[in-house]
> 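If you scroll down you'll find the structure; I have some questions about it.
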There are 2 protein chains.
Amino acid sequence: MEVPVPSKPLPYERIANELRVGIIDGRLAAGAQLTGENELMQRYSVARETARKALRVLRDEGLTLTRRGVGVFVRDARRVSRHASRNPAIAAVDETSAGMVGVEEVADNVTAPEHIARALGLREGELVCRRVQRQYAGVSTTRRSALYIPMGLAVEASITELDFGPGGAEARLREAGHAPARANEVIRVRMPFRPEAEDMRIEGAVPIVTILRTDYDRNGLAVQASETVLDGSRYALEYDFPLPEA
Amino acid sequence: MEVPVPSKPLPYERIANELRVGIIDGRLAAGAQLTGENELMQRYSVARETARKALRVLRDEGLTLTRRGVGVFVRDARRVSRHASRNPAIAAVDETSAGMVGVEEVADNVTAPEHIARALGLREGELVCRRVQRQYAGVSTTRRSALYIPMGLAVEASITELDFGPGGAEARLREAGHAPARANEVIRVRMPFRPEAEDMRIEGAVPIVTILRTDYDRNGLAVQASETVLDGSRYALEYDFPLPEA
DNA sequence: CAGTGGTCTAGACCACTAG
DNA sequence: TAGTGGTCTAGACCACTGT
């Protein structure tokens with residue numbers, strides 16, 4: 001191990017460390033307010049930017065959440081489970097956040113984006129029926145998703161713009177004999193870009209999870225593909241799957 | 001929409017935006033060096049900290065990687081696929097990174113941590129056989145994992161410390177009639193803590209993925225549980241699973 | 001209004017890397 | 001040694017929030 005011993009922590013590191021243990025060991029519970037910049041400056045005899053830097057470390061670790069003009073607070077680390085095999089995958093909408101919860105939804109027909117075309121086995125430029133959803137929980141968006149169905153199938157299953165009918169696209173596909181029998185999901189994780197974070201009203205340093213899902217009917221035909229973006233701090237993703245024999 | 005128009009971007013935002021589009025549209029390819037602090041100061045007539053702040057935005061978005069004394073560079077966004085149903089789940093070790101690749105491994109017997117005991121259906125304080133792995137790719141650790149097997153099963157399957165035999169624990173369990181038949185995985189995403197990031201030699205703002213996996217034999221007995229920590233920027237996780245009839 | 005965090009400056013010193 | 005990024009200071013002004 002050529003790891004150099006941490007020797008003497010820098011001022012901002014020392015402050016960050018002390019605050020962090022307070023959070024992790026529970027002395028500072030979720031929602032609790034941290035010592036502010038001004039008091040940190042006095043208590044540790046450091047300059048403004050140094051106190052700020054310490055607080056920035058914690059925010060970058062996703063431990064805190066900053067409210068301008070108010071203060072710095074410990075984040076709520078609770079998560080909602082998303083079980084991929086279930087329908088709907090997200091059973092309960094985030095109960096942790098007070099305030100209104102809802103889903104915004106629009107539908108239209110577009111030419112399939114490249115990666116969606118690939119997932120659905122379509123040729124470039126083919127039409128798909130698209131439904132875009134946006135889920136709110138409290139003040140922030142917790143989920144954004146786009147569902148794509150090949151145009152031919154959509155027509156066959158009587159799926160039209162603006163109205164997927166009772167039970168959603170699932171039910172229509174089922175009625176048309178294309179009930180989804182198995183699915184594939186590809187998960188990617190990354191940090192949101194700044195404009196994106198604002199759009200999703202993501203606060204602090206929170207990773208984003210993107211899920212590209214493809215559903216197949218019992219004949220192996222790709223019947224729908226969806227792309228979902230989740231606030232990574234609010235979900236736990238769960239999968240159940242069989243293992244191959246050999 | 002009550003979203004206020006961005007009006008006039010702040011100096012640091014403007015700099016960050018210009019650099020970002022350069023990266024996203026490909027003018028600045030992976031590995032390319034960005035304009036440094038000093039030149040940004042002159043080119044935009046801003047102070048040190050302002051130029052630094054612009055660069056920090058990109059680093060926080062996981063787009064760049066900073067090498068002290070050298071410069072700021074565009075990250076390589078390529079990922080390795082981890083297919084949960086396959087064995088091993090990670091087919092190819094990161095081909096993108098030159099340099100040595102390897103796995104460090106130690107095994108011992110310990111009392112099961114609480115969440116592992118829960119996953120394996122053990123009572124608190126029961127013994128498990130543990131194997132800890134650490135995978136390197138180039139300079140950085142790309143994976144850390146701990147595998148737990150109930151002591152009783154480990155004995156039955158002739159799994160001992162320091163030597164899991166050819167084919168690993170899988171093969172031993174199989175021979176003992178406890179071949180894993182299905183698995184459950186729970187995925188969580190978060191930002192690494194500072195000490196943790198140093199330990200994993202994670203550079204820049206990169207989310208971490210933790211996977212808690214439990215394998216069951218055909219009788220539904222939990223035969224092994226594992227906890228894996230991945231550098232979220234380097235992997236794409238893939239799942240294939242059947243969907244329920246109803 | 002007082003208190004909070006957000007941005008910015010000008011200048012200093014340090015640590016690391018390469019040629 | 002020259003050039004890079006990392007830390008820190010002291011002070012300024014702004015924007016937002018609550019009372």
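The sequence lines fix the lettering, A, B, ..., with proteins before strands; numbering per chain opens at 1.
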> Look up atom OG in A:Ser81 and atom CZ in B:Arg188, then write down how far apart they are to the nearest 0.5 Å.
8.0 Å
> Rounding to an integer number of Å, can you tell me how far A:Glu203 CD sits from D:dC16 P?
15 Å
> Quick one: A:Asn38 CG to D:dA10 P, roughly how many Å, whole number?
15 Å
> Determine: side-chain N/O of A:Thr50 to OP1/OP2 of D:dT7, distance under 4.0 Å, yes or no.
no
> Does B:Arg14 make a cation-pi contact with B:Tyr44 (under 6.0 Å, within 45 degrees of the axis)?
no
> Can you tell me which stems DNA chain C forms, taking runs of 3 or more consecutive Watson-Crick or G-U pairs with both distances under 3.5 Å?
C:1-18 with D:1-18
> Might you list the N or O atoms of the protein lying below 3.5 Å from N or O atoms in nucleotides 11-13 of chain C, with each pair's distance?
unit_1	atom_1	unit_2	atom_2	d
C:dA12	N6	B:Arg48	NH1	3.2

> Who are the side chain to side chain contact (heavy atoms under 4.5 Å, CB included) partners of B:Glu39, not counting sequence neighbours?
B:Thr35, B:Arg43
> Is B:Lys53 near enough to C:dT7 that one of its side-chain N or O atoms lies under 4.0 angstrom from OP1 or OP2?
yes
> How close or far is atom C1' of C:dG5 from atom CD of A:Glu39, stated in whole angstroms?
15 Å
> Rounded to the nearest angstrom, tell me the gap between atom CE in B:Met41 and atom C1' in C:dT7.
16 Å
> Write down the distance between CG (A:Leu40) and C1' (D:dC8), rounded to a whole number of angstrom.
16 Å
> Starting from P on D:dG5, measure out to CZ on B:Arg59 and report it in whole angstrom.
11 Å
> Checking the side chain of B:Arg190 only, and the main-chain atoms of B:Thr210 only, is there a donor and an acceptor separated by less than 3.5 Å?
no
> With heavy atoms under 4.0 Å as the rule, sort B:Arg56 into base, sugar-phosphate or nothing.
nothing
> Using side chain to side chain contact (heavy atoms under 4.5 Å, CB included) as the criterion, list what pairs up with A:Arg20, not counting sequence neighbours.
A:Asn17, A:Ile24, A:Val57, A:Leu58, A:Glu61, A:Leu63, B:Phe193, B:Arg194, B:Pro195
> Taking DNA chain C as the partner, which of residues 63-70 of chain B come within under 4.0 angstrom of it by heavy atom?
B:Arg68, B:Gly69, B:Val70
> For B:Arg52 and C:dG6, give me the distance from atom CZ to atom P, rounded to whole Å.
18 Å
> Could you tell me which residues satisfy side chain to side chain contact (heavy atoms under 4.5 Å, CB included) with B:Thr50, sequence neighbours excluded, listed by chain and number?
B:Pro11, B:Tyr12, B:Val46, B:Ala47
> Would a 4.5 Å heavy-atom cut-off, applied to side chains only, mark B:Ile23 and B:Arg75 as touching?
no
> Round to a whole Å and report the spacing from CD of A:Glu37 to P of D:dC16.
16 Å
> Would you indicate, yes or no, if D:dC8 has its OP1 or OP2 atom less than 4.0 angstrom from a side-chain nitrogen or oxygen of A:Tyr12?
no
